[in-house]
There are 2 protein chains.
Amino acid sequence: MDDGANPIAPAEGGPLRIEATTGITGYRLRRAQLAVFQRFLAVFDSVTLRPAEYSVLVLIADNPGRKQTEIAEVLGIKRANFVTLVHGLENRDLVERLPLASDRRANALHLTQTGAAFLARIRLMHEGMEEDVVRRLGGPDARDQLFALLDRLT
Amino acid sequence: MDDGANPIAPAEGGPLRIEATTGITGYRLRRAQLAVFQRFLAVFDSVTLRPAEYSVLVLIADNPGRKQTEIAEVLGIKRANFVTLVHGLENRDLVERLPLASDRRANALHLTQTGAAFLARIRLMHEGMEEDVVRRLGGPDARDQLFALLDRLT
DNA sequence: TATTGTTATACTCTATAACTATA
DNA sequence: TATAGTTATAGAGTATAACAATA
């Protein structure tokens, strides 16, 4: 009846079987994204900038004078939450919100001179990060391949 | 001196330039991961299960009797936060925490009969999701390629 | 009526410190 | 002394509702 094993607490000691978990695409994507973001956070910690803030600065630089709503929507950020983010960048004198003649409800977003200089500097830091990513992936072709695969999921 | 353009508020109206943003690997990974998780949440909404909870059930099924800490660590969940997650599954009678003879500090995690039956059912739902993902990616080879690329980033 | 920016609020996820009981 | 589970708590990120000014 009882072969000697404890039916209540098997509890081996070896490594865990994780095959079923690592077969989950969402799980793999999350781990990879977290790994890349961790490195971003580590690199950008010295300039106190989060990934979303970096994207905002880049978007404003490439699209000066756009409304908050437009920038927020492209990044999938709710306009209510975008307010705090922009205020943070404004308080650091990186971004300014100017009145828009064509629509007095809206704020036109621009980089300040300080913001433009700051972005030029951190863009170099980011390029270094991306080069590292491409190196890890196995070259530019592998990066393009990854982007193509990721696009099919969105 | 003034050519008629408003220097304060250019504010075009066309689409935004987003090339610099979409060139960011972390950004692409985040968008793809969110898209996949959104679909997971939509599908699993009917059974009130979050992605992390699904992973926990799968891991316990494949590794019955392991300590909470072991399961949590594999998933990158802090043991403090794992307590609430496990209690939730225990309150739904999906998981039970049994005493461990070899270490009376620890809880050995097991699926209940209800939990095993529940997992068998939602595993089918998840397999359907994964098949859809593979289809979108372009087949099993494309999926394997994606996993290989993601692994190089972790 | 609808939209822009805003405030307030709440819920999830994540992170740390400190406690207890065991080891 | 270190570890397993726990509690409390705080910080991000994200979601909705409601308001004033303007369209």
Side-chain angles (χ1 to χ4, degrees), chain A residues 9 11 13 26-27 30-31 33-35 37-38 40-42 44-45 48-56 60 65-91 95-109, chain B residues 9 11 13 26-27 29-31 33-35 37-38 40-42 44-45 48-56 60 65-91 95-110:
Chain A
Y27 176 83
R30 174 171 162 267
R31 299 301 288 233
Q33 183 249 309
L34 283 177
F37 267 50
Q38 291 300 348
F40 187 104
L41 291 170
F44 279 73
D45 181 63
T48 322
L49 206 73
R50 312 210 139 257
E53 293 174 321
Y54 177 71
S55 294
V56 168
I60 295 177
R66 293 299 191 128
K67 301 181 200 172
Q68 289 186 193
T69 305
E70 294 179 290
I71 302 291
E73 197 195 5
V74 168
L75 293 174
I77 301 174
K78 296 266 178 279
R79 71 188 198 282
N81 299 323
F82 196 66
V83 172
T84 313
L85 197 161
V86 170
H87 279 173
L89 297 174
E90 193 180 29
N91 290 337
V95 165
E96 53 186 351
R97 300 177 303 156
L98 299 179
L100 194 55
S102 60
D103 187 344
R104 287 189 301 170
R105 295 170 302 182
N107 294 330
L109 297 180
Chain B
Y27 176 81
L29 286 168
R30 173 172 163 268
R31 299 301 287 234
Q33 183 248 309
L34 283 177
F37 267 52
Q38 291 301 346
F40 187 104
L41 290 171
F44 278 73
D45 182 62
T48 321
L49 206 73
R50 313 210 139 259
E53 294 174 320
Y54 177 72
S55 295
V56 167
I60 295 177
R66 293 297 191 133
K67 300 181 199 171
Q68 288 187 193
T69 305
E70 294 179 289
I71 302 291
E73 197 196 6
V74 167
L75 293 173
I77 302 174
K78 296 264 179 281
R79 71 189 197 283
N81 299 323
F82 196 66
V83 172
T84 314
L85 197 160
V86 169
H87 279 173
L89 298 174
E90 193 181 29
N91 289 339
V95 164
E96 53 186 351
R97 300 176 303 153
L98 299 179
L100 194 55
S102 60
D103 186 343
R104 286 189 300 169
R105 295 171 302 181
N107 294 331
L109 297 180
H110 295 264

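Numbered from 1 within each chain, the chains take letters A, B, ... in sequence-line order. Given the structure is predicted, the values throughout are model-derived calculations rather than measurements.
The nucleotide whose nearest atom lies closest to any side-chain atom of A:R50 is, among D:dG5, C:dT4, D:dA12, D:dA12.
Per the geometry, OH belonging to B:Y27 stands 16 Å off C1' belonging to D:dG13, to the nearest Å. In this structure, B:F82 places its CZ atom 18 Å from P of C:dT12, rounding to the nearest Å. Atom pair B:I77:CD1 and D:dG5:P shows a separation of 13 Å (rounding to whole Å applied). For the pair A:E73 CD and D:dA15 P, the interatomic distance rounds to 14 Å; values are reported in whole Å. Rounded to whole Å, the distance from CZ on A:R31 to C1' on C:dT14 is 14 Å. Remark: C1' of C:dG5 and NZ of A:K78 are 16 Å apart, rounded to the nearest angstrom. At whole-Å resolution of the value, CG in A:L98 and P in C:dG5 are 13 Å apart. Distance CZ (B:R66) to P (D:dG5): 12 Å, rounded to an integer number of Å.
With sequence neighbours excluded, the residues that form a side chain to side chain contact (heavy atoms under 4.5 Å, CB included) with B:L34 are B:R30. A search for side chain to side chain donor-acceptor pair (under 3.5 Å) contacts involving B:E96 returns nothing, not counting sequence neighbours. Remark: A:E53 pairs with no residue by the side chain to side chain donor-acceptor pair (under 3.5 Å) rule, at least two apart or across chains. Considering only residues two or more places apart in sequence or on other chains, B:R105 meets the salt bridge (charged side-chain N to carboxylate O under 4.0 Å, His left out) condition with B:D103. Qualifying ring-ring contact (aromatic ring centres under 6.0 Å, His included) partners for B:F44, counting only residues two or more places apart in sequence or in other chains: B:F40, B:Y54.
Phosphate proximity of C:dG5 to A:T69: present, with a side-chain N or O under 4.0 Å from OP1 or OP2.
Note: A:L41 CG to A:R50 CZ = 6.0 Å, rounded to the nearest 0.5 Å.
Remark: the backbone N or O of B:I77 is not paired with any side-chain donor or acceptor of B:N81 at under 3.5 angstrom. Checking side-chain atoms of B:N91 against main-chain N and O of B:H87 turns up a donor-acceptor pair under 3.5 Å.
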For nucleotides 21-23 of chain C, print each protein N/O atom paired with a nucleotide N/O atom at under 3.5 Å, atom names and distance only.
| from | atom 1 | to | atom 2 | distance (Å) |
| --- | --- | --- | --- | --- |
| C:dT22 | O2 | B:R105 | NH1 | 3.4 |
| C:dA23 | OP1 | B:R104 | N | 3.0 |

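Evaluation of the salt bridge (charged side-chain N to carboxylate O under 4.0 Å, His left out) test over residues 77-91 of chain B, restricted to residues two or more places apart or in two chains, returns B:E90-B:R97.
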Watson-Crick and G-U pairing of DNA chain D written in dot-bracket, each distance under 3.5 angstrom, with | for inter-strand partners:
|||||||||||||||||||||||

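The residue B:K67 sits close only to the backbone: its heavy atoms come under 4.0 Å of sugar-phosphate atoms, none of a base.
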Walk me through whether B:K67 and B:N107 qualify under side-chain contact (heavy atoms from CB on, under 4.5 Å).
CA-CA 5 Å; B:K67 300 181 199 171; B:N107 294 331; over 6 Å; no

Pair A:Q68-A:V86, side-chain contact (heavy atoms from CB on, under 4.5 Å): steps then yes or no:
CA-CA 8 Å; A:Q68 289 186 193; A:V86 170; 4.3 Å; yes

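Nearer to the 5' terminus of DNA chain D, by closest-nucleotide assignment, is the contact made by B:A106 (compared with the other of B:L34 and B:A106).
More than 12 heavy atoms of other shown residues, nucleotides or ligands fall within 6.0 angstrom of atom CD in A:Q38.
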If a protein heavy atom is under 4.0 Å from the base, mark B; if only from the sugar-phosphate, S; if neither, -; do that for nucleotides 6-11 of chain C going 5' to 3'.
BB----

